Enquirer: 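Here it is, the structure in full.
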Number of protein chains: 4
Amino acid sequence: MEKSPRVLGRPRHDEKAKPTQEVVLLTATNLFIKKGYKNVSMDDVARACNVTKATIYYYYPTKGDLYTSSLVGMMERIRFHIEQILNLPNPFKERLEQLVEVHLSATVDIDMKNFMREATMNLSESQLKKVHASETAMYETIERSMQLEMDRGTIRQGNAQFFAHTFMVLMSVGYFKDGEGISLFQTSREAAKEITDFFWRSIEN
Amino acid sequence: MEKSPRVLGRPRHDEKAKPTQEVVLLTATNLFIKKGYKNVSMDDVARACNVTKATIYYYYPTKGDLYTSSLVGMMERIRFHIEQILNLPNPFKERLEQLVEVHLSATVDIDMKNFMREATMNLSESQLKKVHASETAMYETIERSMQLEMDRGTIRQGNAQFFAHTFMVLMSVGYFKDGEGISLFQTSREAAKEITDFFWRSIEN
Amino acid sequence: MEKSPRVLGRPRHDEKAKPTQEVVLLTATNLFIKKGYKNVSMDDVARACNVTKATIYYYYPTKGDLYTSSLVGMMERIRFHIEQILNLPNPFKERLEQLVEVHLSATVDIDMKNFMREATMNLSESQLKKVHASETAMYETIERSMQLEMDRGTIRQGNAQFFAHTFMVLMSVGYFKDGEGISLFQTSREAAKEITDFFWRSIEN
Amino acid sequence: MEKSPRVLGRPRHDEKAKPTQEVVLLTATNLFIKKGYKNVSMDDVARACNVTKATIYYYYPTKGDLYTSSLVGMMERIRFHIEQILNLPNPFKERLEQLVEVHLSATVDIDMKNFMREATMNLSESQLKKVHASETAMYETIERSMQLEMDRGTIRQGNAQFFAHTFMVLMSVGYFKDGEGISLFQTSREAAKEITDFFWRSIEN
DNA sequence: TATGAATGAGGATTCATTCAT
DNA sequence: GATGAATGAATCCTCATTCAT
């Protein structure tokens, strides 16, 4: 039996079907983002995944672990995204603007403060530690860029960590909707422009 | 775990005691701020007030109503506070700084975005409407000041509503704590200074 | 101070206003008829009467007592009604028909079996006894008429009590509505005719 | 009051034991018949089944659903029973009598009007629809027989649906008990005879 | 790998009733 | 007479978790 480059015969299940564990994690992440930790039950996740609760427990021993994995995964993806954009060769201001726009375009309000709050409230020490690590890593990615640009003299001297945080919260202004569901901006394009401009005024040299 | 031997019926009126309804509201507000809507049970509130759950339901027909009243009350107090400070005769920047400092000193992280999210997720249409009204009123108080200072030429022209929102989210940076519980600033005095400075750079003329 | 036949001055409240106790009883009766014992709370009654719960308890020491009074009152009124109609000089069949029609016209389904069941399930011994007494009195009124007409030879010999009961349950057929809310008869006039005719075939001589 | 030391998780499968879902339904049905919807709590059902409330909710998502299933099941069984008896080759009157007797012998007072009332009062639209469907099916089974016998000339022409309903309510007379718990008849045998005789006089040709 | 069946601990809400005023 | 304020016991339902298969 030589090894053929493609398995012979029809694969048992859908070749393209993502492994269950991944499906669960992605589905859960979306639910958590949309509704928050306490408003998502393991039953909800199971239903949304078309598997049983027990299956979820097979992969994630507690709801807290699932949440932890969701947050960590999400933050890692965001961090990766941020890194990619910030490593582009464009001028710094342009990169920031792009960052904001990409972020705001991602349908839902990804509010770090929120996630961290729910984490603090509901996770165990060890779970929380993992989440915090990811959070820190995420912020540090921005910080490094800020520091770099400071060193380059593109932006004024200042506390890079503080800058990273202000940048992140300013982004969240783009998500605001009033009682009638009306945003402060017409498009995320415009939002990105305004927000970056606002931020830039504070950090430019 | 001692059970207080409370009796049925209307208790003899204690002159100096605060009316129960108020006690309930205040206690609930604190709990909600500290732990969030879903992490506070009516039992928790009752216990913290040293009354029975039924007593709470006597004043607030549902948990959602209690939350609504808490939020509305809180926002109204904040709005009043903001108004008072912004109406002082000091230079605008000073008033803003004062505002930030007072806010940050208020024990806990009062994060509007958080409250609004929990509200959206858990309240009924009509309850949500009330909350939104208070929120709007709060922001408008700041907006009016911003607009006034624009007209006076103290700050640059711009979208006053946007400014109000950026101001509020920037404040929340003062609350940030990392995994070790370490804040970005040593004191709220310093936080206020840095945050206001940052904000001011963006809006000064 | 001679006693004047009419009190001088304006009576304190609305002269015509029914005494509270009566209002409570009538209101409660209607609610109980419409929704049944367990589906009517003392709060419901209070609200419907525009008084407080405590007021109701002032007149009726328990919900069971209120229900008892309601049932007894209702049955007494029905008994009185029945007696009046059965004492008319018309032919017996006509009187029966009239009875059915009047009963069916009274808006709601007054189903004795139902009331008695709820009574059995929810009242105390002594309360139940009162209700049973009224029920018996009610049936006996019909029985007496039946017996009289048997003696007169208008209807065939038989168990008068049995006849009274069959008569009552046959009436309830007039109330039947199917899933679409459609009755077996177009009008209560027609219902009365059909039901009486059916009954009469069984008891005529 | 001994708490059975039941364990978490799936119990080892007992071959001969009836499936839990069925046990729950049967137990609930009995309770509902005996005490009515509102007088049976989910706790009662759970206790009677020796399972936990959660188990019941595992099979029946709401109390209303459990009631619906109970009623539907019951009516279906009755309908089946009725059909069997009415399809026997005996003369129609005999079959009716047998029907009454069998029915009256079935321990408890199964009063359709009662169940339907509680259903109307407590079930959701969709639940109620199911119940109504079963009810209609049940009555239609009797109707068909009535119609058949009309066509055969065994009984007089008339509204078969009306006949079906009068038949059912007349049966309920057999259940009547006065304040002392005394029935109108000595035996269900006798009750069946009297009731059928009464009914027959009205419908015979 | 995955599931079906079950649990225990809450959690929101209702309700009859009480009692000082 | 009537009420406002409070209670305790239920009641319906949810949910994270467990475990034999």
Side-chain angles (χ1 to χ4, degrees), chain A residues 13 19-21 24 38-46 51-66 122, chain B residues 3-13 19-21 38-46 51-66, chain C residues 13 19-21 24 38 40-46 49 51-66 122, chain D residues 3-13 19-21 38-46 51-66:
Chain A
H13 281 299
T20 307
Q21 180 165 20
V24 169
K38 281 284 185 175
N39 285 301
V40 173
S41 74
M42 292 303 259
D43 264 306
D44 291 336
V45 178
V51 296
T52 60
K53 246 189 305 189
T55 302
I56 296 178
Y57 276 96
Y58 180 75
Y59 292 110
Y60 299 94
T62 70
K63 189 187 178 187
D65 287 312
L66 180 54
N122 296 295
Chain B
K3 242 204 198 135
S4 56
R6 242 173 298 104
V7 243
L8 254 73
R10 182 187 206 166
R12 236 178 258 103
H13 188 50
T20 306
Q21 180 164 22
K38 282 282 186 174
N39 286 300
V40 173
S41 75
M42 292 303 258
D43 259 309
D44 291 337
V45 179
V51 296
T52 59
K53 248 186 304 187
T55 300
I56 296 178
Y57 278 96
Y58 179 71
Y59 292 108
Y60 300 93
T62 70
K63 190 187 176 187
D65 286 312
L66 180 55
Chain C
H13 281 301
T20 306
Q21 179 164 23
V24 169
K38 281 284 185 174
V40 173
S41 74
M42 292 303 259
D43 264 306
D44 291 336
V45 178
C49 296
V51 297
T52 60
K53 247 190 304 190
T55 303
I56 296 177
Y57 277 96
Y58 181 74
Y59 292 111
Y60 300 93
T62 71
K63 189 187 177 186
D65 287 312
L66 179 55
N122 297 294
Chain D
K3 244 207 199 132
S4 55
R6 243 177 295 106
V7 243
L8 253 72
R10 182 187 207 168
R12 237 179 258 103
H13 189 49
T20 306
Q21 180 164 23
K38 281 282 185 174
N39 285 301
V40 173
S41 76
M42 291 304 258
D43 260 309
D44 290 338
V45 179
V51 295
T52 59
K53 245 187 307 187
T55 300
I56 296 178
Y57 278 98
Y58 179 70
Y59 293 108
Y60 300 94
T62 70
K63 190 186 176 188
D65 286 312
L66 180 55

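Bear in mind the structure is a predicted one, so any value in this text is a computation, not a measurement. Lettering of chains follows the sequences in order, A, B, ..., and the numbering in each one begins at 1.
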Enquirer: Is K38(C) reaching over with its side chain to a backbone N or O of N122(C), donor-acceptor style, under 3.5 angstrom?
Expert: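 Here the side-chain-to-backbone pair does not exist.
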Enquirer: If you pin A54(A) and A54(C) to their nearest nucleotides in DNA chain F, which one's is more 5'?
Expert: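 The answer here is A54(C).
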Enquirer: Write down the distance between CE (M42(A)) and P (dA5(E)), rounded to a whole number of angstrom.
Expert: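 Between P of dA5(E) and CE of M42(A): 20 Å.
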Enquirer: Select base, sugar-phosphate, or nothing to describe what V45(B) touches, counting heavy atoms under 4.0 Å on all strands.
Expert: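 Counting heavy atoms under 4.0 Å across all strands, no contact is made by V45(B).
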Enquirer: For the pair made of CG in D44(B) and C1' in dA12(E), what is the distance, rounded to whole Å?
Expert: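 About 12 Å, once rounded to whole Å.
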Enquirer: Over how many whole Å does the gap from N122(A) atom CG to dA16(F) atom C1' extend?
Expert: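 Going from CG in N122(A) over to C1' in dA16(F) covers 12 Å.
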Enquirer: Is any side-chain N or O of K53(A) under 3.5 Å from a base N or O of dT17(F), one able to act as donor and the other as acceptor?
Expert: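 Yes, the side chain and the base share a sub-3.5 Å donor-acceptor pair.
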Enquirer: Are OP1 or OP2 of dA6(F) and a side-chain N or O of Y58(B) less than 4.0 angstrom apart?
Expert: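 No.
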Enquirer: Quick check: on DNA chain E, is the nucleotide nearest I56(D) upstream (toward 5') of the one nearest K63(C), or the reverse? Name the residue that is more 5'.
Expert: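 On the 5' side of the pair lies I56(D).
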Enquirer: Does T62(C) have a side-chain nitrogen or oxygen under 4.0 Å from the phosphate oxygens OP1 or OP2 of dA16(E)?
Expert: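 No, because none of the side-chain N or O atoms of T62(C) sits under 4.0 Å from OP1 or OP2 of dA16(E).
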Enquirer: Walk me through whether Y57(A) and M42(A) qualify under side chain to side chain contact (heavy atoms under 4.5 Å, CB included).
Expert: CA-CA 9 Å; Y57(A) 276 96; M42(A) 292 303 259; 3.5 Å; yes
Enquirer: Does dG4(F) have OP1 or OP2 under 4.0 Å away from a side-chain N or O of Y59(B)?
Expert: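 For dG4(F), OP1/OP2 do not have a side-chain N/O of Y59(B) under 4.0 Å.
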Enquirer: Quick one: D43(A) CG to dA6(E) P, roughly how many Å, whole number?
Expert: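 Taking CG of D43(A) and P of dA6(E), I get 16 Å after rounding.
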Enquirer: To the closest 0.5 Å, what do you measure between CD1 (I56(D)) and CG (D65(D))?
Expert: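 These two atoms lie 13.0 Å from each other.
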Enquirer: How close do A46(D) and T52(D) get, counting heavy atoms only, and between which atoms?
Expert: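 Taking A46(D) first and T52(D) second, the nearest heavy atoms are CB-C, 3.8 Å.
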Enquirer: Looking only at non-hydrogen atoms, find the nearest pair between C49(C) and V24(C) and report the distance.
Expert: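 Closest heavy-atom pair between C49(C) and V24(C): SG-CA, 3.7 Å.
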Enquirer: In whole Å, I'd like the distance from the CG atom of L66(B) to the P atom of dT13(E).
Expert: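 It works out to 10 Å between those atoms.
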Enquirer: Taking the side chain of T52(D) as heavy atoms from C-beta outward, which of dG8(E), dG8(F), dT11(F) is closest to it?
Expert: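 Closest of the options to the side chain of T52(D): dG8(E).
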Enquirer: How far apart are the closest heavy atoms of N39(D) and D44(D), and which atoms are they?
Expert: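 Here N39(D) and D44(D) meet closest at O-OD2, 3.7 Å.
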Enquirer: Any sub-3.5 Å donor-acceptor pair from K53(B)'s side-chain atoms to V45(B)'s backbone N or O?
Expert: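 No; zero donor-acceptor contacts below 3.5 Å.
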Enquirer: What's T55(C) touching, base or sugar-phosphate or nothing? Going by heavy atoms closer than 4.0 Å.
Expert: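 Here T55(C) touches the bases of the nucleic acid.
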Enquirer: Specify the residue among K38(D) and K38(B) whose closest nucleotide of DNA chain E lies further upstream toward the 5′ end.
Expert: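 Comparing both residues, the 5'-ward one is K38(B).
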Enquirer: Which string of ( ) [ ] | and . matches DNA chain F, if you list each base 5' to 3' and count Watson-Crick or G-U pairs only when both distances are under 3.5 Å?
Expert: .||||||||||||||||||||
Enquirer: Would you classify V24(A) as touching base, sugar-phosphate or nothing, given that sugar-phosphate means primed atoms plus P, OP1 and OP2, and contacts are heavy atoms under 4.0 Å?
Expert: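 Touches nothing.
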Enquirer: When the distance from CG of N39(D) to C1' of dT14(E) is rounded to whole Å, what number comes out?
Expert: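 Atom CG in N39(D) sits about 15 Å away from atom C1' in dT14(E).
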Enquirer: Output the single nucleotide from dT13(E), dT3(E), dG8(E) whose closest atom is nearest the side chain of Y57(B).
Expert: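 The listed nucleotide nearest to Y57(B)'s side chain is dT13(E).
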Enquirer: Show your reasoning for whether side chain to side chain contact (heavy atoms under 4.5 Å, CB included) applies to Q21(A) and Y58(A).
Expert: CA-CA 9 Å; Q21(A) 180 165 20; Y58(A) 180 75; over 6 Å; no
Enquirer: With a 4.0 Å limit, can you tell me whether T20(B) has a side-chain N or O closer than that to the phosphate oxygens OP1/OP2 of dA5(F)?
Expert: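 Looking at the OP1 and OP2 atoms of dA5(F), neither is under 4.0 Å from any side-chain N or O of T20(B).
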